[in-house]
2 protein chains.
Amino acid sequence: MTFHLDDFLPYRLSVAAAQISRRFAARYAEEAGLTIPEWRVLAHLNHSGTVSVRDIHNRVNLDKSMISRAATRLQEAGLVRKSGHEADRRLVSLELTSQGKTLMQRLGRIAEDFQTELLAEIGEDAPAMSRVLDRLITTQHME
Amino acid sequence: MTFHLDDFLPYRLSVAAAQISRRFAARYAEEAGLTIPEWRVLAHLNHSGTVSVRDIHNRVNLDKSMISRAATRLQEAGLVRKSGHEADRRLVSLELTSQGKTLMQRLGRIAEDFQTELLAEIGEDAPAMSRVLDRLITTQHME
DNA sequence: GCGAAATCGTTGCGATTGCAATGACAATAT
DNA sequence: ATATTGTCATTGCAATCGCAACGATTTCGC
């Protein structure tokens with residue numbers, strides 16, 4: 001039997017993820033013109049308070065350079081404050097401004113609404129799906 | 001309660017997909033130096049015979065330009081043959097050369113092995129996962 | 001304490017990407 | 001038949017991305 005791309009899990013996962021990301025990006029594009037890296041940085045800052053670029057890099061699966069640039073843009077937009085870390089002067093401390101917090105409250109609601117819709121679409125298999133994602137993501141394949 | 005990125009389905013899906021794609025790309029990079037678009041074009045040609053750029057575009061979730069460029073590179077590598085369509089001269093007919101078929105036989109095996117490993121990692125939730133992907137992918141959200 | 005190695009954020013740069021425009025051809029309407 | 005509209009693949013271009021320096025700092029080894 002010949003190989004069939006449509007049955008190939010990595011491919012299907014990739015297509016699904018791209019479609020979902022696109023749908024969600026359309027939602028928050030109406031609210032604020034953010035790129036995906038910007039959205040991720042904002043969202044991470046929202047629940048983790050003050051952190052460094054490296055912290056976000058490790059948690060959020062984004063290249064350092066993207067985070068750095070996203071943070072600069074967000075600062076220019078008045079959503080994020082960048083400042084030097086007290087003890088270690090190599091580090092940059094990132095945190096939301098009050099304006100950034102206000103925006104994230106709205107975006108957080110939008111995100112949760114979207115997820116609710118999504119879970120409804122997915123239906124009863126949602127918990128299994130969630131378990132799979134946990135297993136795939138935490139499986140750090142050291143080489 | 002504050003929004004948490006780690007619990008957000010689109011984000012987790014995106015991270016999982018990127019990681020899996022990366023793992024798989026490492027596998028076939030050893031076998032042949034292919035980019036992801038090249039791999040997809042090859043894989044699609046493998047099971048669908050002779051088709052046009054547009055056909056692949058519709059089936060494989062890739063921009064026309066990427067397919068066009070991938071096809072050119074694959075032709076230069078001797079894996080794909082490009083020729084004008086008989087009846088409609090706007091179309092370009094793409095098909096694997098015998099060399100391309102030979103390569104895809106090896107790659108198909110690699111892909112299937114990888115998928116088998118992946119399914120083992122996923123475990124009993126695999127069927128549910130598969131159903132979810134079906135539902136997400138086929139849900140073409142017309143706007 | 002001092003030099004070497006590691007870490008952090010930024011920047012440069014080549015490669016990749018997605019979108020829009022183009023040119024070639026086909027289908028449709030009049 | 002001709003003109004208009006639509007479709008197809010390619011190309012150009014701007015934006016994005018990821019990797020690899022790089023300077024600034026800190027940590028480690030001795």
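All chains are named by letter (A, B, ...) in the order of the sequence lines, taking the proteins before the strands, and each is independently numbered beginning at 1. Keep in mind that the numbers below use all heavy atoms, side chains included, and drop hydrogens, waters and symmetry copies.
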Classify the angle between the aromatic ring planes of B:Trp39 and A:Phe3 as parallel (below 30°), tilted (30 to 60°) or perpendicular (above 60°). tilted

For [X] and [N], give me the distance from atom [atom1] to atom [atom2], rounded to whole Å.
X       : N      : atom1 : atom2 : value
B:Asp88 : D:dA9  : CG    : P     : 8 Å
B:Ile36 : C:dT17 : CD1   : P     : 8 Å
A:Asp63 : C:dA15 : CG    : C1'   : 14 Å
A:His57 : D:dC17 : NE2   : P     : 15 Å
A:Leu74 : C:dT10 : CG    : P     : 12 Å
B:Lys64 : C:dA21 : NZ    : P     : 13 Å
B:Arg89 : D:dT7  : CZ    : C1'   : 15 Å

Considering only [options], which nucleotide approaches the side chain of [X] most closely?
X       : options                : answer
A:Arg69 : C:dT10, C:dT11, D:dA9  : C:dT11
A:Pro37 : D:dT25, C:dA26, D:dC17 : D:dC17
A:Arg54 : C:dC8, C:dC19, C:dC25  : C:dC8

Sidechain-backbone polar pair: A:Ser48 side chain, A:His44 backbone, donor-acceptor under 3.5 Å: yes

Contact check, side chains of A:Leu9 and B:Leu133, non-hydrogen atoms, under 4.5 Å: yes

Presence of [X] side-chain N/O under 4.0 Å of [N] phosphate oxygens OP1/OP2:
X       : N      : value
B:Lys82 : D:dC8  : no
A:Arg90 : D:dA24 : no
A:Ser52 : C:dG9  : yes

Run the salt-bridge test on A:Glu121 and B:Arg135 with the 4.0 Å N-O cut-off and return the result as yes or no. no

Could you tell me whether A:Asp7 and A:Arg12 have a side-chain N and a carboxylate O separated by less than 4.0 Å? no

Looking across every strand, which nucleic acid part, if any, lies under 4.0 Å from A:Ala87 by heavy atom: base, sugar-phosphate, or nothing? sugar-phosphate

